[in-house]
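When a ligand or atom number is given, it counts from 1 through the structure's own listing order.
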Amino acid sequence: MTDFKFQLNEFHRNTSEEEMLADVRRVAVKLNKDSVTYDEYGEHGKYHQTTLTRKLGSWFNILKKAGLKINRSPMNVPDEELFKNLEEVWIKLGRQPSYDEFKKPFSRYSVDTYARRFGGWRGALEKFISYINVDRDDEENENNSVEERTSIDNTSGQVFRHKTKREISDRLRFRILMRDGFACKKCGRSPIKQRDVELHVDHIVPWSKGGETLPENLETKCSRCNLGKGNAFNE
Ligand SMILES: [Zn+2]
């Protein structure tokens, strides 16, 4: 995603909370409404919506803080939440979901919500792939606290200072699953063939033993192979 808004987003990294909320209120006044939807803000706002949600949390929270009316419509679900849901469905199926199967109980949001937001289902899938491919991990790791990057081995008492934090981002997890073809690296099972196979992405060298949260130290495992592994080095 190298579009204009992404650039703006970077540029506005240090904008204060008050400036952001003031801009949401400005859009409400401009539209002569007591609430602003996520999409309306996208169209009229000065900042990218994700700049706001990254700093202030959910869109509902932003409306509350801005003193505007809270409207729990699917139109207010942030892009990131829609991408997360799409990612979950994709992982459950082990492949790209089709228009027809994208519904409850698989998906929490209707295919129409995606189509409206992203200009068609195809557009939604394309935006999702761009979202997944933007590598923010380096930037995110820079913001991690020392505590988030420190681990102590329970057995040896050795302290590790990591470059990365333990948590695997949604983006990175999805990229590893794609790389591994949505199949367990140990037994080869995949939800593509068996609907009940649940996949996880796990550290090869456990983080608590000094392993980093980087692609070369991550692999796909099914829940059965992953179970009871704990921090054992040799499985
Ligand atoms: Zn397995």
Within 6.0 Å of CZ in Arg122, more than 12 heavy atoms from elsewhere: no

Taking the hydrophobic residues Ile, Leu, Val, Met, Phe, Trp and Tyr, and joining any pair whose side-chain heavy atoms are under 4.5 Å apart, which ones share a cluster with Val159? Ile152

Protein N/O/S neighbour count - the Zn ion (ligand 1), strictly under 2.8 Å: 4

Tell me every residue that passes ring-ring contact (aromatic ring centres under 6.0 Å, His included) with His162, counting only those two or more places apart in sequence or in another chain. Trp207

Other residues, nucleotides and ligands only: do more than 12 of their heavy atoms fall within 6.0 Å of NZ on Lys92? yes

Aromatic ring proximity, centroids under 6.0 angstrom, Phe83 and Tyr114: no

Sequence neighbours left out, what pairs pass salt bridge (charged side-chain N to carboxylate O under 4.0 Å, His left out) with at least one residue falling in residues 29-38? Lys33-Glu40

